[in-house]
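To start, the structure itself, in structure tokens.
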2 protein chains.
Amino acid sequence: MSQSKQSKSPLRVSPQPTPPTITKSARTRAAILNATMDFVWTHPFRDLTVGSLMASTDVGRSAFYKHFTGLYEVMETLMEMLQGGIVDATEHWYTGVGDPTALLQKGLAGLVSVGYEQGPLLRSMVEAATTDERFEAIWNRFMESFDNTVTERIEADQAQGLIADFDARPVAIALNRLNAYTLIQEFGHHPRSEPQPVLEALARIWISTLYGTDRFGEKSSTLVRT
Amino acid sequence: MSQSKQSKSPLRVSPQPTPPTITKSARTRAAILNATMDFVWTHPFRDLTVGSLMASTDVGRSAFYKHFTGLYEVMETLMEMLQGGIVDATEHWYTGVGDPTALLQKGLAGLVSVGYEQGPLLRSMVEAATTDERFEAIWNRFMESFDNTVTERIEADQAQGLIADFDARPVAIALNRLNAYTLIQEFGHHPRSEPQPVLEALARIWISTLYGTDRFGEKSSTLVRT
DNA sequence: CTTACTTTGTGACATAGTGTTACCTTGTAG
DNA sequence: CTACAAGGTAACACTATGTCACAAAGTAAG
């Protein structure tokens, strides 16, 4: 009732993916996706219903089911967009060569940046995962892929003697939960936190844990980036 | 229909809180709480309905509303029980004196122990928080109380020169998300992970971050506890 | 014991959301 | 201009919630 419009979701879904044939179907599909995006930007996922969603388009509620089998499928589509951004932002660390600390720092900076831009969307993903069984499976697979990648990277650095020889997988799982849920906590709702202190906190934790604390002076100003 | 019973929730709600007057009301209340406990032990919270819940008691569905205003209030009651266990298990660290590393280690061991015992209940709390607005507020207050306590403890140790002088709050927030969601990931579903490697991972991350990595030998066998 | 009264329990109802079906409409390819 | 598939709709069946008026059953007092 007292809702002075906040920020709008930045990602927009254009009707035509590649071919210039703008079908009516694609336009409605895009309208649904955009309406969903806008909705989760400012509302909890639990308040999203097919009815309220379609009310903000120019077609009726039951037309929704001509394009998606349910809300979970809409979220799945949006997640593919989010996933791309996250993978792009962090892949340096997994694949790059050079100073591992600097690579990690860069990867985390990218992750925090995406989290800051897409926070509410990220939050809605987790909410959708607890609401819908099928989407939960998709989300879990997403997180597990990170668990695997981070585990591999830790083990590779352990083989080179860069990281102490501990059981990599539980640490990877824990650090990934750290990232995901810290980003949601800090950037999932309006008003968002400042990204800088969050990046410093995450970088401190990851770097201390993996590469040791001797990287830090007394004041952590060496961590400043972005 | 085809439900071969898995493990049962260990916490039981006795009808009489303190006075020996066993009212009929208290018995039904306890039956509801126990049925809820049993349910979330083996099912996702989204599948919990008032109907299915009351079907496993000897009174009808609408009797539920004579005792609770909704499922969220049931979860609130169960959370008070869980909260007590967590606070008991971790309070050493916040208040104790002596070697901070050892205190932290003990606190985490207690936390992992509670998480291991109460994992599915903890998971259902987070699920309920994303489903119900009022319970979400309660859960957030719970997490914030930990954020405040950990922030204070870090700042106290920083004042003594035991911890490097970084911005304590974002680190406290991140480390608390680490704990909560790692415990849910590892112990929230059957079959649960082993507690030992999880404790080692959490201890490594907390201790490295706060007190430095020089505490660890090459193999982390010094961390073994329980 | 029985009367009066509060607590606990019930069936029926109103409401809100989901997903499906059978049937229109429209736009565009032949 | 017409055939017909794709897109859209209204109405329905279903499931869950929460409430209400009323019934039953404990309990306390006389």
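Worth saying up front: this structure is predicted, and the values here are computed from it rather than measured. Below, chain A is the first sequence line, B the second, and so on; all start at residue 1.
Take A:Arg169 and apply the salt bridge (charged side-chain N to carboxylate O under 4.0 Å, His left out) test, not counting sequence neighbours, and it matches no residue. Residues passing the side-chain contact (heavy atoms from CB on, under 4.5 Å) test with A:Tyr116, sequence neighbours excluded: A:Phe187, A:Arg192, A:Pro195. Partners of A:Ser25 by side-chain contact (heavy atoms from CB on, under 4.5 Å), not counting sequence neighbours, listed by chain and number: A:Thr23, A:His67. With sequence neighbours left out, the side-chain contact (heavy atoms from CB on, under 4.5 Å) criterion links B:Val126 to B:Trp139, B:Tyr181, B:Ile184. When the side-chain contact (heavy atoms from CB on, under 4.5 Å) test is applied to B:Ala128, the partners found at least two apart in sequence or on another chain are B:Phe45, B:Met75, B:Phe135.
Contact check of residues 44-55 of chain B against DNA chain C (heavy atom, cut-off under 4.0 Å) returns no residues at all. Contact check of residues 56-73 of chain A against DNA chain C (heavy atom, cut-off under 4.0 Å) returns A:Arg61, A:Ser62, A:Tyr65.
Pairs engaging residues 177-186 of chain A under the salt bridge (charged side-chain N to carboxylate O under 4.0 Å, His left out) rule: A:Asp147-A:Arg177 [sequence neighbours left out]. Each salt bridge (charged side-chain N to carboxylate O under 4.0 Å, His left out) pair with one or both residues in residues 40-51 of chain A, not counting sequence neighbours, appears once here: A:Arg46-B:Glu136. For residues 57-86 of chain B, no pair satisfies salt bridge (charged side-chain N to carboxylate O under 4.0 Å, His left out), with sequence neighbours left out. Sorted by first and then second residue, the side chain to side chain donor-acceptor pair (under 3.5 Å) pairs with a member in residues 81-95 of chain A form an empty list; sequence neighbours excluded.
Rounded to 10 degrees, the angle separating the terminal helix axes of the helix from C:dC1-D:dG30 to C:dG30-D:dC1, each built from five base pairs, is 10°.
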